[in-house]
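Naming convention: chains lettered A, B, ... in sequence-line order (proteins, then strands); numbering from 1 in each chain.
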Amino acid sequence: MEHGSLSDPSQSTFSLIDEDHTYANAIRFTLNQDPRTKFCGYSIPHPSDNRVNIRVQTTGAAAKEVFKDASQDLMVVCQHVRSTFDKAVVDFRMSKSVNGMDIDSNN
Amino acid sequence: MSSDNEDTTSSSESEGADSVKENATLEFIENLSDVPMGRLPSNIEFQRTRVDCKADAPIHTDTFQYSGAYSSMRVENSFLDNFCDNFRVEVIRLTEDEMEFDMIGIDPALANAFRRILISEVPTMAIEKVLIANNTSVIQDEVLAHRLGLIPIKADPRLFEYAENNTASEKNTIVFKLHVCCERSGQRLSVKSKELIWLPNGSEFPLESQDSKTGSSSKPKTYTSFTCSQDSLPEFSSNPIAPALGDILIARLGPGQEIELEAHAVKGIGKTHSKWSPVTPVWYKMLPEIVLLEDIEDQQAEKLVAICPVKVFDIEDIGKAGKKRATVARPRACTLCRECIREGKGWENAISLQRKKDHFIFTIESSGVFPPEVLVTEAVKILEEKCDRVISDLS
């Protein structure tokens, strides 16, 4: 849910239900990486509420678009992490199976 | 931003001077050898990339997330631009239920997100409801139910749905039976988790209300309504569902005591209850770096090697006169106990303990439900789903 003003789309607060530090801290990082962001921060209003408020102020672009782009960036990063990780595991298994033949006698 | 900074510096230095002098000052600052433009000075670069661990406390612990943090030095502090080139994963150790890997070139905000998701948001199956028909053991019903809940169940949660609407079906519930009794004349008996028998056809306990009405004419209604047997499904016929470990102690029975119960496992996440957490622990630490700023020789070197509880340092021989010098042999083992710099200022000046801010050593211990490498992939997928949900909510 977005809370902002109609006249000035460059600043908004996004209130996300069922999210916590996991997502908010990660998205704050990717938002900070965007040069259009003037300010961003998040807070959890009450620990027993499962919601988080993310404040975004930009240098002029619509806050909603910047926020969406940051989410998109985070998703791209995740996809890259996943493919790199899978490749690393496959490489490790390959090298293990090659080395395994040499060291089997020691076991 | 950059011109702002230069203006303030120059005006404070040349107060009341004419514009020619001001220009000269500006030029002087720009040509200073230790302020290279387009590159961070080494001390700032050190603060950006390393945590410096002093004897009393670590310093420079924060990360600089803002992309324009160094724009006055014409340095782009952007991580995303060259993330794909810089990011690396190196697997160190991988076994059936344990894994150690290095994640290099990532911000703590993201590394921590993966860690948090692994602990509390990757779904698994765990026993949620226990129907106790008979329990004459000394362990109380509720304690027994709690113990059963904590047993990891080896079943792929991706094949199940969340049981939100309370009707137990073959798509959301796994039923186990436990029926053990200790003979009156026998020895005391340990009940282990391998005695939980999977019931692919669902509950065998008839609903009481149903009993009196329908009689024996039709199949009696039970606590679950399975439309088909789970072991007829191809996913389960090849690898039957069972507790991940068979030798977990559930209870001890004395002669004549008996436990008869049915346990219903459902899908859930660790945020609701830690019994659904797929990992025992998962943690990361930043890569330790130990730099010897001065040569530490002979007796001092031996003292240093002896003082470190995890044997980070080693001794090498130099020259002919049997001189010895301390070297850093195993920096990865460093636990940051700071024992080596506790002895006084001299040591702190000679040894610099550092942590690399963008290099994480992850260790994952799986509870046995998933292999650890699958857990990481699942965790990253969950973060992707979160992003996807936010994007679709906002558009």
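Results of the salt bridge (charged side-chain N to carboxylate O under 4.0 Å, His left out) test with B:Asp102 over B:Arg88, B:Arg332, B:Arg93 single out B:Arg332 as the only residue that passes. If you run side chain to side chain contact (heavy atoms under 4.5 Å, CB included) between B:Lys386 and each of B:Asp388, B:Leu383, B:Val390, only B:Leu383 comes through.
Options A:Asp73, A:Asp86, A:Val77 differ in how many heavy-atom pairs under 4.5 Å they form with chain B, and the most are formed by A:Val77. Between chain B and the options A:Val81, A:Asn25, A:Leu74, heavy-atom pairs under 4.5 Å are most frequent for A:Val81.
Under the 4.0 Å criterion applied to side-chain N and carboxylate O atoms, B:Glu378 and B:Lys381 are assigned as salt-bridge partners.
Heavy-atom distances place both the backbone and the side chain of B:Ser395 under 4.5 Å from chain A. Looking at A:Arg93, only its side chain comes within 4.5 Å of chain B, counting heavy atoms on both sides. Heavy atoms closer than 4.5 Å to chain A are found nowhere in B:Glu385, neither backbone nor side chain. Proximity to chain B (any heavy atom under 4.5 Å) is shown, for A:Asp91, by neither the backbone nor the side chain. Only the side chain of B:Ile106 has a heavy atom closer than 4.5 Å to any heavy atom of chain A. Contact annotation for B:Arg115: neither backbone nor side-chain heavy atoms come within less than 4.5 Å of a heavy atom of chain A. Looking at A:Glu19, the atoms closer than 4.5 Å to chain B (heavy atoms on both sides) all sit in the side chain, from C-beta outward. The part of A:Asp18 that comes within reach of chain B is its backbone (N, CA, C, O), which places non-hydrogen atoms under 4.5 angstrom from that chain.
The interface of residues 364-377 of chain B with chain A, defined by heavy-atom distances below 4.5 Å, comprises B:Glu373, B:Val376, B:Thr377.
Atom CD of B:Gln65 is separated from atom CG of A:Asn32 by 5.0 Å, given to the nearest 0.5 angstrom. Residue A:Tyr42 holds its OH atom at 9.0 Å from CD1 of A:Ile54, rounded to the nearest 0.5 Å. With rounding to the nearest 0.5 Å, the separation of CD in A:Gln72 from OG1 in A:Thr30 is 11.0 Å.
Residues B:Pro108 and B:Lys357 come closest through the heavy atom pair CD-O, 4.1 Å. Scanning both residues, B:Glu128 and B:Trp276, for their nearest heavy atoms gives OE1-CH2, 3.3 Å.
In the model, A:Arg36 has no side-chain atom that pairs as donor or acceptor with a side-chain atom of A:Thr59 under 3.5 Å.
Ring planes of A:His80 and B:Phe83: perpendicular class, angle over 60° (limits at 30 and 60°). A:Phe85 and B:Phe101 have perpendicular rings, their planes meeting at more than 60° on a 0 to 90° scale where under 30° would count as parallel.
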